[in-house]
Amino acid sequence: MSANENSNAEKKCKKLSSQVVISIAGNPNVGKSTIFNSLTGLNQHTGNWTGKTVESFEGRYTYKNTCFKVIDLPGTYSLISDSEEEEIARDFLFFNKDTFCLVVMDATCLERNLNLALKIKEINPNILVCVNILDEAERKSIKINLNKLSELLKAPVIGTTYKNKKSIEKLKEEIYKTTILNKNEKKFSLTESIYPQVIENAISRLVPLIDKITSGKLCSRQLALSLIDLDESMIVSIKNLLGVNILENEDINQTLNDIKKNLRKSNINSSDLKDIIEKSIVKKSEKIYKSCVTLKKENYNEKDRKIDKILTSKLTGIPIMVLLLFLIFWITLIGANYPSSVLADVLFFVQDKLTLACNTLHLPPWLHGSLVLGLYRTLAWVVSVMLPPMAIFFPLFTLLEDLGYLPRVAFNLDHFLRKAGTNGKQALTMCMGFGCNACAVTGCRIINSKREKLIAILTNNFIPCNGRFPTLISIITMFFISSVPIGCTSLISTALLTVTIIFGIFMSLISSKLLSATLLKGIPTSFSLELPPYRRPQVGRLIVRSIFDRTLFVLLRAVVVAAPAGLLIWCLSNTIVGGNSLLKYSTSFLDPFAKLFGLDGIILMAFILGFPANEIVMPIVVMSYLCTGSLTELSSIQELQALLLNNGWTTTTALCTMLFSLMHFPCGTTILTIKNETKSNKWTLISFILPTVLGLICCFIVSSISKILV
Amino acid sequence: MEISLNRLPLLKLGNIKNLLVDKKTKCKLLSLGFIPETAIKPVFSNFSGNLRAYEVRKAIIALRDTDANKIRVDVSI
Ligand SMILES: Nc1nc2c(ncn2[C@@H]2O[C@H](COP(=O)(O)OP(=O)(O)OP(=O)(O)O)[C@@H](O)[C@H]2O)c(=O)[nH]1
Ligand SMILES: [Mg+2]
């Protein structure tokens, strides 16, 4: 529905002649994407941790017959870029100084947020300030005088809370008023001097020279500052944009040398410059903060610290983490059980009806076979097996994310990651991997060191994504808990699943270690991690968001792949050449190789066909067995187990299939994303080979051991 | 008395004096709020003790001891 809303907005926008561009900027985790979503009705991902958004996103809305184009930027701590996503935000602000900027601030952490607001205002005076998360501030008895803030910042200020629809309407009105109505009056620049006099003098000497080169396109004041400070990444960015290296300009070079002399005379050397610049801004924001904010309780964060103690301490930190993982899987397993079987009943009932219809219409058997037994049946399988666990897992996981738990996981796991030669932020990307490996690979941008980022990208695939859970779960239920007394089956299977996942995490750590000891040698760089305050999530909104946005999206992707795959399998198994079906030929070709690793030709082929989407691996295995055998109906897990046993599955086969599912080449989408992120064929190839080889080794060991034992 | 930040005992206040790090790290630390003359307090540590969370300007930022030992703090407040 929301996507619809936005396409409506797009249509309306086309009719309107003018368009106002607004960028949303601010510190990480202040609710920028949440505001973006409320404005545009889109479903940009949000989450209570630093670095949720790593790319800029666009959306549109109309208000009072005006079209607004909104750009959601990644959060930044400063405008001195440090990692890729911060550079995106900085470059946007810098090179689009005529667009209007909505600066979002977290009411519970206003002082630090003011720093960035002041810096942005230096580049672009056209800002509107939005003090967000007022509900949490209220809970913590933090009182903010918004009028005073507006007066001191010389910019319109508005308070918002995502639960309060009115505040969003007010925000829209305020944006409209500032951009359209008093377009001319508001253009004032912040020329009051913030910095010490020597620096201010230096800036005013450089500004006219810069203006000459850039013809006033860029913010010369800020550029002057980065020249004085020799901010290289900025100079490179400008070179990319204008095609000139500013430092090669004679006048500028001379003036800069002169400025350096002056600075030295006033006892400022270049290494102190950053401190001085930063300190001046901090002083100013401190002053503003003190005159606008009153705290009823000085130690309003006390409660958070108490929770932190429990979640991160020596005794309880790791056990709670494992327990939470267990709990999520357990709820997913028992919750999905019943809906899955109901869904299967309904979908297979429809299959019978379809068959009946085909018979009455006297359709040729091949048409019925390929469409109903091939395409439809595979689809039904994928939907009934995948939809319920996803619809339960995603909301639960988003809940943890919104509470603010993930950074604590990173905090706890940093010790191990440090041992593996990388950094704790990799834990955040690993967590994202549970949802989708491709998203996680993009998320690796939050890691600033190139080496550590590569390691995180290459090892992410050991974390099974949502598409691989159903495979793991169904194998566990069929082969490993049949002898367990009824009543605790779900507990045992959850425990097994948790162990499997922890093994995946372990392999991810091992391969990180392996990489950082061989191909990607280096010392860990500096590492900092923000632990945001715990926030109360809005459960209703969260469920709707994660089901419509993530679950259906992933399901659709799987369905798109499953349908042709099902068709292909049916065709292969029903095209008989020289007494045998094509399916038989291809699987018996793979068979000897697969047997070496405890698998069989069909399983291996399913993994290969599952390259576009891992979700379809198990359905393809089942389909292939069904097409070759006489069975055509499968309604219970016992029948499914019987089918697999009939086709030679043993506990070893099950174990090896699970291991290979955990450790094999990434899916197509992930590979493409890796190629995009690393821009290197070599690393893309390694990301393909590494998990596959490790997986095959593990399978080989397991199957060899079982051959010796049996 | 000046010591490195990683030696500041838990829950004891210090005052940041100096950041003895390379330029890039300095930018990062400054923008996170590790600015000279700012009060700082270690609030909890992870189980290995190598990573500690610091309260600085009302935000909680975790640093490894290898990074924290390059930050000098004054403990005489
Ligand atoms: N209590 C409360 N929580 C909010 C509010 N707005 C946003 N949040 C929560 O704050 C967290 C961060 O929101 P995001 O929109 O992802 O923040 P962001 O600024 O886009 O973060 P980055 O993309 O990392 O820069 C989410 O868990 C939101 O649910 C609010 O008004 N009140
Ligand atoms: Mg965001």
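Every chain is numbered from 1, with letters handed out A, B, ... down the list of sequences.
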At a 4.5 Å cut-off on heavy atoms, which part of [X] comes close to chain B: side chain, backbone, both, or neither?
X	answer
A:N301	side chain
A:N27	neither
A:L295	side chain

Of the non-hydrogen atoms in A:R418 and B:T66, which two are nearest, and what is the gap between them?
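Heavy-atom minimum between the residues: NH2-CG2, 4.0 Å.
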
Nearest atoms (heavy-atom pairs only) where B:R64 meets A:T525:
NH1-O, 4.5 Å

Show which side-chain atoms of residues 103-112 of chain A pair as donor or acceptor with protein atoms under 3.5 Å away, not counting sequence neighbours.
residue: A:D106; atom: OD1; partner: A:T108; partner atom: N; Å: 2.8
residue: A:D106; atom: OD1; partner: A:T108; partner atom: OG1; Å: 2.7
residue: A:D106; atom: OD2; partner: A:T108; partner atom: OG1; Å: 3.1
residue: A:D106; atom: OD2; partner: A:R535; partner atom: NH2; Å: 3.1
residue: A:E111; atom: OE2; partner: B:R57; partner atom: NH1; Å: 2.7
residue: A:R112; atom: NH2; partner: A:E530; partner atom: OE1; Å: 3.0
residue: A:R112; atom: NH2; partner: A:E530; partner atom: OE2; Å: 3.1

To the nearest 0.5 Å, how far apart are [atom1] in [X] and [atom2] in [Y]?
X	Y	atom1	atom2	value
A:L529	B:I60	CG	CD1	11.5 Å
A:E278	B:C27	CD	SG	8.0 Å
A:D275	B:N18	CG	CG	7.5 Å
B:K26	A:L273	NZ	CG	10.0 Å
A:F411	B:L51	CZ	CG	4.5 Å

Non-hydrogen atoms of chain A under 4.5 Å away: do they reach the side chain of B:T38, the backbone, both or neither?
neither

Per-residue contact mode, B:D67 against chain A (heavy atom under 4.5 angstrom)
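Just the side chain, heavy atoms under 4.5 Å.
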
Quick check on the interface: out of A:P533, A:S526, A:A410, who has the most heavy-atom pairs with chain B under 4.5 Å?
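Heavy-atom pair counts peak at A:S526.
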
Greatest number of heavy atom pairs closer than 4.5 Å to chain A - which of B:V21, B:L29, B:I35, B:L30
B:L30

In terms of heavy-atom pairs under 4.5 Å with chain A, which of B:G33, B:A68, B:P36, B:G49 leads?
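The answer is B:P36.
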
Under a 4.5 Å cut-off applied to non-hydrogen side-chain atoms, are A:N448 and B:K28 in contact?
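Yes; the side chains approach each other to less than 4.5 Å.
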
Which class fits the ring pair A:F416 and B:F47: parallel under 30°, tilted 30 to 60°, perpendicular over 60°?
tilted

Give a yes or no on this: more than 12 heavy atoms of other residues, nucleotides or ligands lie within 6.0 Å of atom CD of B:E2.
yes

Has B:R7 got more than 12 heavy atoms of other residues, nucleotides or ligands less than 6.0 Å from its CZ?
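No, the 6.0 Å shell around CZ holds no more than 12 heavy atoms from other groups.
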
List for me each residue that meets ring pair (Phe, Tyr, Trp, His ring centres under 6.0 Å) alongside B:F34, sequence neighbours excluded, and say none if there are none.
none

